[in-house]
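Following: one structure in structure tokens, then a few remarks.
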Number of protein chains: 2
Amino acid sequence: MGHGLILTINWRQLNVYGGFAVKQDSLKSILAGKGLRLTRARQDIITAAQAMKGHFDPQNLYDSLKEKGSKASRASVYRSIPVLLEAGIISEAERTDRCTHYEKVTENRHHDHLTCLRCGTTIEFYSPTLEMLQDEICQRENFKGIRHNLDILGYCRECVDK
Amino acid sequence: MGHGLILTINWRQLNVYGGFAVKQDSLKSILAGKGLRLTRARQDIITAAQAMKGHFDPQNLYDSLKEKGSKASRASVYRSIPVLLEAGIISEAERTDRCTHYEKVTENRHHDHLTCLRCGTTIEFYSPTLEMLQDEICQRENFKGIRHNLDILGYCRECVDK
DNA sequence: TCATTAGTTGAGACAATATCTCATTAAAGG
DNA sequence: CCTTTAATGAGATATTGTCTCAACTAATGA
Ligand SMILES: [Zn+2]
Ligand SMILES: [Zn+2]
Ligand SMILES: [Zn+2]
Ligand SMILES: [Zn+2]
């Protein structure tokens, strides 16, 4: 009688972790398919990106890279970001902060953000309804939506009363 | 017999332009309430911001300011942006481009964006359902939402087939 | 293994963007 | 006016992202 439950859990895990942690071999072929090479620097950058906790910006990534003793340059980090995006290893997170785009490992599935204007905490959420609604809007506007960024700014429970 | 119509139109204008073109006097008191002064530079910047067409970034604003012969400095422009935001004279638009925040006069009511990844065109839309849904999400998460940024990236009608 | 080819790299120069410093100016209020 | 103090302008400085180019190296085939 527990089987149904187990199946459900598996299905969920598939959803939650689908596309995570591309294996080296498949990664290599993905890159090769685009005429790209899996170099040392690129490998370091990918590893570091996958090891990042939560959101990060290019500089964060570079710092973490240096910490690990990698020789990868800052330029390479910037150059790699489009590649990592393309390969589905990272994805864009919110762009709330100053002017950097934050990126995020694709560990968990797509989600949007609530960002506290006071403490900076970000709450992640996922609303299928909201996603569907956006599809409808795109259809109505004759627009082929690829991805989106939704960031709701305001005050979290702790900060709401100053 | 035309009176009802006129009233309706007025009401609509109130909605559409509500909060637009803050009068100098009330503006002054809004600022005063925060211990801020309505200086020449600030005034120039506000006027210029309200005169901007569509989206713009700080540099655009500064350029337009120079065109009009204002002596306001770039620093003042940057310094004013939080103030203008606070006073509801401008609001954030999308942050798609490089790393500048785009701002937008509050001429028309809140809307969200579809941005074409190829030609850069932005289509503005407003979906009450989507707005309500976000309110619900905030409630569910015990979050006091103030404003939000939704940008759907993809391809417009003209660019969808390369 | 060696040579060829072409994608990639690192370092630093550059460019663009945003913030800061500080002496000076000028609102606001009496 | 005069005082108080926010605000300013100009430029220095910091941050962020891009570009150049000679050197390097992964991939491929001989
Ligand atoms: Zn979403
Ligand atoms: Zn997130
Ligand atoms: Zn909206
Ligand atoms: Zn807009």
Side-chain angles (χ1 to χ4, degrees), chain A residues 24-25 27-48 55-66 68-87 90 92-103, chain B residues 24-49 55-66 68-87 90 92-103:
Chain A
Q24 292 295 48
D25 350 323
L27 176 59
K28 201 166 174 178
S29 57
I30 287 177
L31 293 176
K34 298 174 188 297
L36 302 175
R37 293 169 181 173
L38 182 53
T39 61
R40 188 61 216 274
R42 203 110 80 187
Q43 223 167 86
D44 288 355
I45 292 171
I46 289 172
T47 305
H55 301 177
F56 59 93
D57 63 24
Q59 187 60 42
N60 296 150
L61 222 195
Y62 177 69
D63 291 343
S64 137
L65 228 25
K66 290 292 100 171
K68 292 176 182 172
S70 168
K71 296 195 307 296
S73 67
R74 230 159 50 84
S76 279
V77 170
Y78 277 101
R79 279 188 293 236
S80 290
I81 286 176
V83 177
L84 302 206
L85 281 170
E86 188 80 9
I90 62 172
E92 288 196 350
E94 86 291 325
R95 295 169 185 252
T96 311
D97 193 29
R98 299 282 171 279
C99 84
T100 20
H101 344 115
Y102 281 173
E103 326 289 336
Chain B
Q24 294 295 46
D25 351 321
S26 71
L27 177 60
K28 201 165 172 176
S29 58
I30 288 176
L31 293 176
K34 299 174 187 296
L36 303 175
R37 294 168 184 177
L38 182 54
T39 61
R40 186 62 216 274
R42 203 111 79 187
Q43 225 167 84
D44 288 354
I45 292 171
I46 289 173
T47 304
H55 302 176
F56 59 93
D57 63 24
Q59 185 60 41
N60 296 151
L61 223 194
Y62 177 70
D63 292 342
S64 135
L65 228 26
K66 290 293 101 172
K68 292 176 184 174
S70 168
K71 296 196 305 299
S73 67
R74 204 193 320 271
S76 279
V77 171
Y78 278 100
R79 278 187 293 233
S80 290
I81 286 177
V83 177
L84 302 206
L85 281 170
E86 187 80 9
I90 61 173
E92 287 195 353
E94 87 290 328
R95 295 170 184 254
T96 310
D97 193 29
R98 300 281 170 277
C99 86
T100 21
H101 344 114
Y102 282 174
E103 327 287 339

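Quick caveat: nothing in here was measured; it's all calculated off a predicted structure.
Atom pair B:L61:CG and C:dA18:C1' shows a separation of 15 Å (rounding to whole Å applied). Distance CG (A:L84) to P (C:dT8): 13 Å, rounded to an integer number of Å. Atom-to-atom, CD of A:Q59 to P of D:dT18 comes out at 14 Å; the value is rounded to the nearest Å. If you measure from atom CG of B:D57 to atom P of C:dA18, you get 7 Å, rounded to the nearest angstrom. Here the P atom of nucleotide D:dT18 and the OH atom of A:Y62 are 16 Å apart, to the nearest Å. Following rounding to the nearest Å, A:L38 (CG) and D:dA27 (C1') show an atom-to-atom distance of 12 Å. The interatomic distance linking A:D63 (CG) with D:dT15 (C1') rounds to 13 Å, in whole Å.
The main-chain N or O of A:Y62 is never found under 3.5 Å from a side-chain atom of A:R74 such that the two would form a donor-acceptor pair. Using a distance-only test at 3.5 Å, with no hydrogens or angles considered, no donor-acceptor pair links the side chain of A:S64 to the main chain of A:N60.
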With side-chain contact (heavy atoms from CB on, under 4.5 Å) as the test, would you mind laying out the steps for A:V83 and A:L31 before giving the verdict? CA-CA 9 Å; A:V83 177; A:L31 293 176; 3.8 Å; yes
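For the side chain to side chain donor-acceptor pair (under 3.5 Å) test, residues two or more places apart in sequence or in another chain that qualify with A:R40 are A:D44.
Between B:Y78 and C:dT19 there is no side-chain polar atom (N or O) within less than 4.0 angstrom of OP1 or OP2.
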In the 5'-to-3' direction, what one-character label does each nucleotide of nucleotides 7-12 of chain D receive under the scheme B = base within less than 4.0 Å of a protein heavy atom, S = sugar-phosphate only, - = no such atom? SBBB--
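Proximity of B:I81 to B:L84: side-chain heavy atoms (C-beta onward) are nowhere separated by under 4.5 Å. Between B:S73 and B:R79 there is a side-chain heavy-atom pair separated by less than 4.5 Å.
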